[in-house]
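In what follows, every chain begins at residue 1, and chains take the letters A, B, ... in the order their sequences are listed. These figures come from a predicted structure and were not determined experimentally.
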Number of protein chains: 2
Amino acid sequence: MKAADKAKHRTDMISSALRSAILERVLMPGMKLPEDSLGERFGVSRTLIRQSLERLAAEGLVELRRNKGAMVAKPSLEEARDLFELRTQIEDLVISRVIKNMTPELLAELEAHLAKEVEAEHASEPISIRLATEFHILLAKLSGSPVLLRYVEEIGYRCGLTLSLYARPHSTDCGIQEHRQIIEALSNGDEEAARKLMRHHLTAVADRALFTTEERGPLLYLDALEPYARKVRDGGA
Amino acid sequence: MKAADKAKHRTDMISSALRSAILERVLMPGMKLPEDSLGERFGVSRTLIRQSLERLAAEGLVELRRNKGAMVAKPSLEEARDLFELRTQIEDLVISRVIKNMTPELLAELEAHLAKEVEAEHASEPISIRLATEFHILLAKLSGSPVLLRYVEEIGYRCGLTLSLYARPHSTDCGIQEHRQIIEALSNGDEEAARKLMRHHLTAVADRALFTTEERGPLLYLDALEPYARKVRDGGA
DNA sequence: TGTGGCGAAATTGCATGCAATCAATTATAC
DNA sequence: GTATAATTGATTGCATGCAATTTCGCCACA
């Protein structure tokens, strides 16, 4: 790997690793993210860590407080609801675009992702949340619009974080079935149905998840980040 | 001003200054933004410049290319259209929220902003574009939702950039009248009408502006940034 | 027991410097 | 004159170090 590619890879990889760790609840909402410690973990200087944290802050996954450092964002319940509502509006557009672009190959991609979701169904909930989020991101990719992809990705990950924080156990269980129905409507070229199903799906996810204001889980140690950081240090992923 | 407040102010101020300069076409799409030069202009080291550029890149106003530096973003026509379409979806939500929150004081704020737009109508087009964008940002503020504000702001500024790039002369002329109509519907508490007017307004702005693929204007020198940079160096706002 | 003050340690903000990379210019060959 | 290679200057990537700020632990006092 050329030095340039390696170094570009590192910053992106650190951001991506942290994003996954946040989505998978290894880094919990409210948890402090000290630059020095992260730098040591990933085997880089604080410069790259600060850059990665800046990016994640721009995405709403991390909060930066002057002189107090970075911590994993803790969205309020209102914020969570607004994010889902906003997402519902955006996914309308995505569906319209995907229907226009639909080919058997694209359909196969969606089916393959759904199979991954089914396979992970009984594994662990954070992984399920991440895969469910990635279903939507795949849809946005298939829309062919970089703009839609950017916002679906960002808002999708932020919704994922709120689910991490607020979701009741098993509140994501029916998501796979709903994804399947959406795929079916897409394959039938039925835009109206697909849009309705998507709207219903997102509303249902939010309704199932956001009834509680109780925050969940203890604050874990940065040690749990080790597998993610090792991948980056090894140049993998 | 305490040292902490001053330093925080600086990074935010640099970002804000650059954003305004981009929106007002002082910094044109495609223009290179060398870190050293900007640092000298603003009287800070490259560290703060890099941070500001990272933020503006996250907002889509600046493109960062590895080893090639930063330049003002040059959105494609497709991207421009997608942004306006996305914005239309989001502003629907904003209108619903603002109607719920509406008070005489909020209405007065909107009217005051409209008066500013009227006053600037024959001044210069870039200022008009900026004020028109800020009308929408004010609406989003009045929605009371930080989430909606964040995305209206970002997408609004990005739409402003595309107008800078693609808009035909006078293509923003009818915008003030349309803003006035929206304010009227809001003051009447007529959500349906307000939403329709907003949709129509944004579609009309895009239609008026985006018919041409011809890019406009010469690349200007960084010297034009001086008034913006001076404000930051002087600690003003 | 609870509160406040102080000093030390930890962390953050950000300037600086060096190596790597790119862009522009000059030299050389055909 | 054109194309290619070499050189030079400009810029970027990013580590490091220092000053400023925050946090933590300890002690004294009511």
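Here the nucleotide nearest the side chain of A:R66, chosen from C:dC14, C:dT12, D:dG13, is C:dC14.
Residues passing the side-chain contact (heavy atoms from CB on, under 4.5 Å) test with A:E109 are A:L106, A:L138, A:L142, sequence neighbours excluded. Applying the side chain to side chain donor-acceptor pair (under 3.5 Å) rule to A:T133 yields no partners; only residues at least two apart in sequence or on another chain are considered. For A:R55, the side chain to side chain donor-acceptor pair (under 3.5 Å) partners two or more places apart in sequence, or in a different chain, are A:D12, B:E54.
Atom pair A:L64:CG and C:dC14:P shows a separation of 12 Å (rounding to whole Å applied). Summarising the geometry, the separation between CZ on A:R55 and C1' on D:dG13 is reported as 12 Å, rounded to the nearest angstrom. Taking atom CE on B:M71 and atom C1' on D:dT11, their separation rounds to 16 Å, with Å as the unit. A:E54 places its CD atom 16 Å from the P atom of D:dC14, with the value rounded to the nearest Å. Summarising the geometry, the separation between CD1 on B:I49 and P on C:dC14 is reported as 12 Å, rounded to the nearest angstrom.
Salt-bridge check for B:R19 with B:E153: failed, with every basic side-chain N at 4.0 Å or more from each acidic carboxylate O. No salt bridge links B:E79 with A:R150; every basic N to acidic carboxylate O contact stays at or beyond 4.0 Å.
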Could you list, one pair per line, each protein nitrogen or oxygen that sits under 3.5 Å from a nitrogen or oxygen of nucleotides 16-19 of chain D, together with the distance?
{"residue": "D:dG17", "atom": "O6", "partner": "A:R46", "partner atom": "NH1", "Å": "3.3"}

Between the protein and nucleotides 5-9 of chain D, which nitrogen or oxygen pairs are less than 3.5 angstrom apart?
none

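Side-chain contact, A:H113 with A:E134: no donor N or O sits under 3.5 Å from an acceptor N or O.
Along DNA chain C, the nucleotide nearest A:K32 and the nucleotide nearest B:K68 are compared for position; the residue whose nucleotide lies closer to the 5' end is A:K32.
One distance of note links CZ of B:F42 with CE of B:M13; it measures 9.0 Å at 0.5 Å rounding.
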Under the rule of Watson-Crick or G-U wobble with both distances under 3.5 Å, where | means paired to another strand and [ ] a crossing pair, DNA chain C maps to ||||||||||||||||||||||||||||||
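At least one donor-acceptor pair under 3.5 Å links the side chain of A:T88 to the backbone N or O of A:F84. Side-chain atoms of A:S96 come within 3.5 Å of backbone atoms of A:D92 as a donor-acceptor pair (strictly under, hydrogens ignored).
Contact annotation: A:T11 side-chain N/O to D:dC14 OP1/OP2 distance is under 4.0 Å.
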